[in-house]
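Take a look at the structure set out below.
Within every chain, numbering begins at 1; the chains are lettered A, B, ... in the order of the sequence lines, protein sequences first and strands thereafter.
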Protein chains: 2
Amino acid sequence: MSTPTIRDVAARAGVSVATVSRVLSEDPRTSASAREKVFAAASEMGFRPNAQARSLRRTRTDTIGVLLSDVRNPFFAEIAHTVAQTALESDIATLLCNADESTEQQDHALDLLVSQRVDGIIVTPQGDGSGSLRDVLKLGLPVVFVDRVIDGVDVPSVTSDNRSGVTAAVEHLAALGHRRVGFVAGPQETSTGRERLVAYREAIAAAGLDADPALVYQGDFRVASGVAGARALLDLDDAPTALVAADSLMTFGVLQECQDRGVRIGDDVSVIGYDDIDSFRLVNPPVTVIAHDPARMGALAVAMIRDLLAGEPVTSAVLASNLVERASTGPARRSA
Amino acid sequence: MSTPTIRDVAARAGVSVATVSRVLSEDPRTSASAREKVFAAASEMGFRPNAQARSLRRTRTDTIGVLLSDVRNPFFAEIAHTVAQTALESDIATLLCNADESTEQQDHALDLLVSQRVDGIIVTPQGDGSGSLRDVLKLGLPVVFVDRVIDGVDVPSVTSDNRSGVTAAVEHLAALGHRRVGFVAGPQETSTGRERLVAYREAIAAAGLDADPALVYQGDFRVASGVAGARALLDLDDAPTALVAADSLMTFGVLQECQDRGVRIGDDVSVIGYDDIDSFRLVNPPVTVIAHDPARMGALAVAMIRDLLAGEPVTSAVLASNLVERASTGPARRSA
DNA sequence: CTGAAAGCGCTTACAG
DNA sequence: CTGAAAGCGCTTACAG
């Protein structure tokens, strides 16, 4: 028996299943009396429409997939939250998957989402656009890239302007008298990792700062690589007087390493983090960061999926990114 | 046309749809030649089984719902991550919803999950067990409570031992000579809010510390109430020399307020936070916390849902909670 | 081992 | 405005 079906409701209300379906889906072609009887029967029986059956008949499932690199990253958690909330308001369910920076896991998750016949996918893409991602696009499934992008893959996206934030960061440090600015870069397999590194190099050149390649540490968007990066850079014979990290997790790592080695942040060494995570405001001293707007990214991504579903044209959005100056940056000191 | 169906595969492979279905679901009653033809046809056509159709026929959807109060809370983000990963490994999809500490939103989300016919629900419950939650239980849908519990509602749960952590915290402060310990409590509508407050009161009494009711500020598990709580408590004529917050977000608030008013943490006032969030280790000074194991909670919750589905008996688990001493706690000072 | 057929719970033209 | 019927894409007894 379990939950009653539309058939049970029809029997109780004394109408056909077609009428029940129409009433429940707010089809205007129903009589007041039918509506009344159906609603009464449905609520008495605790009827719950079966979304699977409905999806099978209609073209859509009212479900979207969100595939992020890692919800534990506060930046992505904010996106996940906004997406889930926005979708819930329209009675759309959100399937959450984590790729954990692994292309293999991303493919597995995409396969799952396709099987679930989600109406669209919001993804922080990984890799080169081969594998399951290509299959998904070939299927014509609406996809929106968020935060990152894949070169040569033509998908609408909502990203932030990586260049302006990094440029402002370098200019800020230059104004404070820093000449050697260390950079903990993100993985070059990601568009954000690449763009931020390019922006760093160009800003360094434009400001006439020291363009020593040794000042760039290649990280991977994980906390541990932030630690390793700060360690490697601060251990240089001619150590930088300022450090910039290319994402929030690596920023955590950099802060941790500075703390562990007793370096006074904002004093011995200036630090600029990425993403305006709440806790960066609480660290002592509060961290100067390059800020984006993940909530807005999430909301926009959902809106774009909706437009794609409605067959309306969508254009990619690039959100501003700006520098929030706090106490972790200060005048340059002599390097060690 | 869109994606091919099992029917298309059957035609191409030259067998019946029944055979295709059996091969694809690894039914042993299939010949090697059938398997070969079916796999070849399926992969050539890029066949993707339709999970909706499959779910409709079978009793299950291979989908679970996770309804948390807020993924933006790092503690819950960790749970969400573990649940999604564990589920994905078994090809189970995870529907994520946020209740945002609102019973109304919880009900809306539960209705959605029931309609989606999830196989089970992992929930951080809210309210008194009425509303949609009762309906869900009446349906016999497997439900596991995580972190919190609702009195009088008999549902297996995985929680942490609120008492031992709080007790250890108070004892630690007593040993450091603190006599007046402020407590920013969680909402009394939640089991965790209640249990932690009771544990605080009993520990204060047991240690013979000042049991002044003015030392308890009633918060609501949001950052702002942590700020307000710290402010109210530190503004007391006879201000406490130590503060304990009953969850991570309120801990953020307490730290923020201390920072804003220039109080030296661990020196002027000792602070003990809740949940061992990464960033609490990075705050300067690092925060002494009452730690749980959210990853384990998430993994256990999934295992419990699985057992419920398999009809096996499950017993609730209470995980240990322990004090991690760091530099935010120190000897008591004269109160202001 | 294999196929024809019924059925999961809905929606939706098609008649009336 | 309403109902009978077909069908969405699978799975699964039932025969063979």
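Inspection of the B:Asp128 and B:Ser130 side chains reveals an N or O donor paired with an N or O acceptor under 3.5 Å.
A sub-4.0 Å separation between OP1 or OP2 of D:dT12 and a side-chain N or O of B:Ser21 is absent. Between A:Ser25 and the phosphate of C:dT11, there is no side-chain N or O to OP1/OP2 separation shorter than 4.0 Å. Taking side-chain N and O atoms only, B:Thr19 has a distance below 4.0 Å to OP1 or OP2 of C:dG3.
Residues that satisfy the side-chain contact (heavy atoms from CB on, under 4.5 Å) test with B:Arg35, not counting sequence neighbours, are B:Val23, B:Thr30, B:Ala32, B:Phe39. For B:Glu104, the salt bridge (Lys or Arg N to Asp or Glu O under 4.0 Å) criterion is met by no residue, not counting sequence neighbours.
Of the two residues near DNA chain C, B:Arg58 and B:Arg35, the one whose nearest nucleotide lies more 5' is B:Arg35.
At whole-Å resolution of the value, CD in A:Glu26 and C1' in C:dT11 are 15 Å apart. The nearest whole Å value for the distance from the CG atom in A:Asp62 to the P atom in D:dC8 is 20 Å.
Pairing analysis of DNA chain C (Watson-Crick: purine N1 to pyrimidine N3 plus N6-O4 or O6-N4; G-U wobble: N1-O2 and O6-N3; both under 3.5 Å) yields stems of 3 or more pairs at C:1-3 with D:14-16, C:5-12 with D:5-12, C:14-16 with D:1-3.
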Nucleotide N/O to protein N/O under 3.5 Å, stretch nucleotides 13-16 of chain C:
from	atom 1	to	atom 2	distance (Å)
C:dA13	N6	A:Arg22	NH2	2.9

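Residues from residues 9-17 of chain B placing a heavy atom under 4.0 Å of any atom in DNA chain C, listed by number, are B:Val15, B:Ser16. Within residues 46-55 of chain B, no residue has a heavy atom under 4.0 Å from DNA chain C.
Atom C1' of C:dT12 sits at a distance of 16 Å from the matching atom of C:dG16, rounded to the whole Å.
The B:Leu56 side chain lies nearest to D:dG9 when the options are C:dT12, D:dG9, D:dC1.
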